[in-house]
Amino acid sequence: MKIGVLISGRGSNMVAIVEAVASGAIPRSEVAVVISDKADAAGLERAREHGVETCVIERNGRARGDHDAEIIGELQNRGVELVCLAGYMRLLSSLFVAAFPGRIVNIHPSLLPKYKGIDAQGQALESGDGVSGCTVHFVDEHLDNGDIILQREVPILAGDTVESLSARILEQEHLAYVEAVGEIVRSKGRLPLILGLIT
Ligand code: GRF
């Protein structure tokens, strides 16, 4: 399966996917391109170090649909079949969602539907919950919405800070994203598939 990854920043989930494709943990696949909407995203260099083609498509004040149309074009030119959002900090337009029906996934650092949006880890800490985690889900045009594919739980410990909790969740994000993408590939497009909660 040809995979395109969209990033805006650090790119650690992108690297997890690239390495899992290389090792075969995500079988019969290729990361065809990593696209960033930020020219200074640290993940771009990390993708190049892994030999993956990169592409910067900044918004430059354009309407969301015009920006998305350029990204869609770059993905389609490379035959991308599955789009993975990995710290991509923009909502997708309905144009984008329609171009890849049931073929766009995202990772979010909370047990959705709890704590959508930014600072999900901080929201979880403030809530007093004893557990948080991460969610891989299909993407629609709404923020952190769409059917859940897989979740992994993480304990919230006494004395946790946003940094310590985020780091503990991030370890599980890398595992969850690789597992979910692997299952999507193995399902050969028989989507949707729901894998459930892993603790
Ligand atoms: C991750 O916590 C992901 O869940 C969220 O943004 C962060 C991206 O981190 N959507 P990275 O760029 O993959 O390292």
Side-chain angles (χ1 to χ4, degrees), residues 3-22 25-26 31 33-50 52 54-58 68 71 82-92 96-97 104-127 129 131-156 160-182 184 195 197-198:
I3 299 170
V5 185
L6 268 56
I7 65 170
S8 298
R10 178 177 59 186
S12 71
N13 280 287
M14 174 275 296
V15 169
I17 291 169
V18 167
E19 289 181 343
V21 165
I26 297 174
V31 178
V33 67
V34 170
I35 296 178
S36 174
D37 67 323
K38 302 281 181 205
D40 61 355
L44 287 167
E45 185 55 33
R46 300 189 69 189
R48 287 184 208 116
E49 284 166 9
H50 283 78
V52 178
T54 62
C55 185
V56 175
I57 305 177
E58 295 190 292
D68 280 1
I71 297 173
L82 179 69
V83 180
C84 296
L85 308 186
Y88 184 66
M89 299 300 286
R90 287 191 185 283
L91 276 182
L92 302 191
F96 200 142
V97 174
I104 310 173
V105 294
N106 182 43
I107 181 121
H108 183 74
S110 77
L111 296 175
L112 289 173
K114 281 186 161 185
Y115 316 130
K116 297 181 178 187
I118 57 166
D119 194 28
Q121 302 94 333
Q123 294 182 58
L125 265 185
E126 278 178 24
S127 71
D129 292 352
V131 65
S132 188
C134 59
T135 303
V136 184
H137 63 96
F138 289 108
V139 170
D140 60 23
E141 47 276 90
H142 304 291
L143 180 66
D144 300 325
N145 204 47
D147 287 340
I148 291 171
I149 301 168
L150 182 152
Q151 295 184 307
R152 292 183 80 97
E153 286 186 352
V154 167
I156 298 176
D160 255 342
T161 61
V162 171
E163 290 71 28
S164 64
L165 178 60
S166 299
R168 193 177 312 115
I169 293 173
L170 191 64
E171 282 179 25
Q172 299 303 312
E173 290 186 40
H174 300 160
L175 299 175
Y177 220 171
V178 166
E179 182 172 7
V181 173
I184 288 168
L195 303 179
L197 185 65
I198 297 176

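Any value given below was found using the heavy atoms of this structure, including those in side chains, with hydrogens, waters and symmetry copies removed. In each ligand, atom 1 is the first atom listed, and ligand 1 is the first ligand listed. Given the structure is predicted, the values throughout are model-derived calculations rather than measurements.
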So with a 6.0 Å cut-off around NZ of Lys38, is the heavy-atom count from everything else above 12?
no
Salt bridge check, Glu49 against Arg46: does any charged N sit closer than 4.0 Å to a carboxylate O?
no
Just by distance, no angles: are the side chains of Tyr115 and Ser127 close enough, under 3.5 Å, to form a donor-acceptor pair?
yes
Does even one non-hydrogen atom of Gly43 get within less than 4.0 Å of ligand 1?
no
Please list the nearest protein heavy atom to atom 2 (O) of ligand 1 with its residue and the distance rounded to 0.1 Å.
Glu173 OE2, 3.0 Å
When you measure from atom 9 (O) of ligand 1 to every protein heavy atom, which one gives the shortest distance, and what is it?
Arg10 NH2, 3.0 Å
Considering all heavy atoms, the nearest Ala47-Thr54 contact
CB-CG2, 3.6 Å
Can you confirm whether more than 12 heavy atoms, excluding those of Leu143, are under 6.0 Å from its CG atom?
yes
Backbone or side-chain N or O of Ile107 under 3.5 Å from ligand 1 N or O
yes
Shortest protein heavy-atom distance from atom 12 (O) of ligand 1, along with the residue and atom involved
Gly11 N, 2.8 Å
For ligand 1, note which part of His108 has a heavy atom under 4.0 Å away: side chain, backbone, both or neither.
backbone
Rounded to the nearest 0.5 Å, what separates atom OG in Ser12 from atom CD in Glu173?
7.0 Å
For atom 11 (P) of ligand 1, state which one of Gly87, Ser12, Ala16 supplies the nearest heavy atom.
Ser12
